[in-house]
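Read through the structure below, which is laid out as structure tokens, and then see the notes.
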Amino acid sequence: MALSANLGLPRIGLRRELKTALESYWAGRIDQNALQEAARTIRLNQWTLQKEMGIDHIPSNDFSFYDHVLDTACMLGCVPARFNFKGPAVDLDTYFAMARGDEEAPAMEMTKWFDTNYHYIVPEFESGQSFSLASSKVIDEFLEAREHGALTRPVLLGPVSFLMLGKAKHPSVRPLDLLNCVLPLYAAVIEQLEQAGAEWVQIDEPALVLDLDDTATDAFKEAYAYLAQNKARMSICLTTYFGTLGPNLDWALRLPVEAVHLDLVRAPQQLDDALKQVPEATMLSLGVVNGRNIWKADLTAALEQVDRAVAAIGSERIMLAPSCSLLHSPVDLDVEEQLPAGLRERLSFARQKLEELSLITRAARESSDAIASELKTNQELFAKQRNSPEGQNADVQKRLASLSEDMFHRRSPFAERKAARQLNRELPLLPTTTIGSFPQTRQIRKARWDFKKGLLKEAEYRTLMQHEINQVIQFQERVGLDVLVHGEPERNDMVEYFGQLLDGVAFTQNGWVQSYGSRCVKPPIIHADVSRPEPMTVDWTRYAQCQTTRPVKGMLTGPITILQWSFVREDQPRRDTANQLALCIRDEARDLEAAGTRIVQIDEPALREGLPLRGSDWPAYLDWAVNAFRLATSGVSDQTQIHTHMCYCDFNTIIEAIAQLDADVISIEASRSDAELLDAFADYKYPNEIGPGVYDIHSPRVPSVEEVMALLEKMSDVLDIEQLWVNPDCGLKTRQWPEVEASLTNMVVAARRLRECVAKLQ
Ligand code: GLN
Ligand code: ZN
């Protein structure tokens, strides 16, 4: 009989209870007992829910106070020396210090978990790295569930993925060489779980969907052979997700484990190969409900996969599960009260996804007749979606169908635009500017909040914001910046702001998803054809421009970033949705231009993170992503200067695609990784203008004039001085005014001094 399994649930709680508890604990308002109690309540609720739903394999250890990769580092005693860990067990405050830093030690690095918007703490491996069992969390939570009447399947992040996700802090260290050190610890944990009564353990190895070299392949084989030899009765479910195993499928299926989980949502095509190749003693766990989105499952399509699998290997060897942990979807649709009915009926959050899983399991065990009425409703829903014009906007579709080649090109090539543009003659060498936002003070946030709640009339709100813009303009003139911005006080978030002004985009009240630690985001839902009912930014920008004779840049968020940070409809290719967004931004850029804006910046910080997990899929993605950006930016005349901005990622791999964006100017994060970025420019001659960030905005530290000058000189070794702009790394909204003033003043002085040096040389 087919079993049902869940791979993990969101940890934040329905009303973000974990966030509240964590932040209260960090602020010293509650003690550790209260924090533990809040966490325990969340866990118990989840186990109860899953028990009631009849899920056979319920996870434990899917909970985390901050991040499951950090939990794994702590389990293995892999604590960087700067945190002064003396053993034997990592206590909660050390754990939080690793995640967030403290007075003595900076936090560990954080980066994106595969292609999701969840961030994990990057394990650090020092030279002579030692490991020891330093946390009993896995066992504790198993026992806690057991006490509560749930025999769970504890989740571990697998040894190979753990090592591959970490970073060597010394050139002599190769992470996978540490496998021999961590395997005995994994075996010990598995043994302890077995003694505590566990029958199954889930070992997540998402690295199996990446391009693997021989070393990594061998590491997997060695690891699972070792674990098989060193365990008694425990059954292992080896879990993969976020993509196809591709060339890794045949050997991964032969690893000595009791079950292998496949993501059949992202990679349905691997099912048939898997059914042919899976050894007789191995079960297959079929990930048939999407754990990454918010859309209802197509039950008919899921059942078709299940039936094929049952026919091929028999239902005793099958488990049914979501494609991946439900960590990446919001908690419960039931609490949403304001979504349009036509949209709501198409949605499914984590809890509803478990219900879908239960239905599919029932159909697999009995027959599809057992869920006949649910199946019918589901089929009708999908049929309606296919046929009904709801969500379709004829004008948008018509425009999309008639895109012509020239809409993806500026009128003239960069060099001609630059030569002809009046603005370029007015700007000095090494022009100075910022990335867009200025400090978002309490007053600004309060004004936005009051306006949203109806406590502030529109006219009053407008006056407050205009006052703020005025101040920011005067400030920038005083500091001496060349290209000004309005400061973005009206925006809480660079994607949400635009989402709220576009048709076809909806917002939930509680659809929170964990981004990192206690931070959650509420991604917009792009559910229909996207259009722009009216200009979104023109009034603010025009107002700002009226306050000064210096050029003010208009600020827009690019199509790929809006797409990447939203939940996106799946009934059409992402490229089409990207182009719809691009058309909205294109119209906005033209309206800005018509209102007298001579510079428009279109931010694309998420371009890089949209890259698929496998290298072979990169060119196709980059092609449509670059084109969407070009569609958004090519509607303006040659006189208008287009800027873009990107931050916090490794650009070297996609530098050519960045050049193909053909932005006149790009500002780019550089100060935290200047060496790498400069290497990229030494190897590849970037054609257009560029402002590598001259200081890190994530720190309150004020850079000195000399420091900025030194950095600019270094940059001018690999880039033409005529190409260079001078700007910070990113927006300044999280900073305080005094440090912003000091830093920008030094930045402007540095640029002026360099200009003088250059003038003397000429
Ligand atoms: N213009 C935005 C700002 O300055 C850019 C933010 C970002 O790159 N994430 O805040
Ligand atoms: Zn940025």
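Fair warning: this is a prediction, and the values are worked out from it, not measured in the lab. Whatever order the structure lists them in is the order used to number ligands and atoms, beginning at 1. In what follows, residues are counted from 1 in the order of the sequence shown.
Listed as neighbours of ligand 1 are I435, G436, S437, E488, M494, D603, P605, H645, C647, C730, G731, each bearing a heavy atom under 4.0 Å from the ligand.
For Y118 and H68, the ring centers sit closer than 6.0 Å to each other.
The stretch residues 435-445 participates, sequence neighbours left out, in these side-chain hydrogen bond (donor to acceptor under 3.5 Å, both in side chains) pairs: Q440-R448.
Residues N688 and Q723 have side chains that never bring a donor and an acceptor to within less than 3.5 angstrom of each other.
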Quiz item: Would F507 and K522 count as a side-chain contact (heavy atoms from CB on, under 4.5 Å) if you check the C-alpha gap in whole Å, the side-chain angles of each, and the deciding distance to 0.1 Å?
Solution: CA-CA 8 Å; F507 288 83; K522 219 167 54 175; 5.5 Å; no
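Applying the salt bridge (Lys or Arg N to Asp or Glu O under 4.0 Å) rule to K112 yields the partners E609; only residues at least two apart in sequence or on another chain are considered. For D638, the salt bridge (Lys or Arg N to Asp or Glu O under 4.0 Å) criterion is met by no residue, not counting sequence neighbours.
Rounding to 10 degrees gives 120° for the angle at the Zn ion (ligand 2) between SG of C730 and NE2 of H645.
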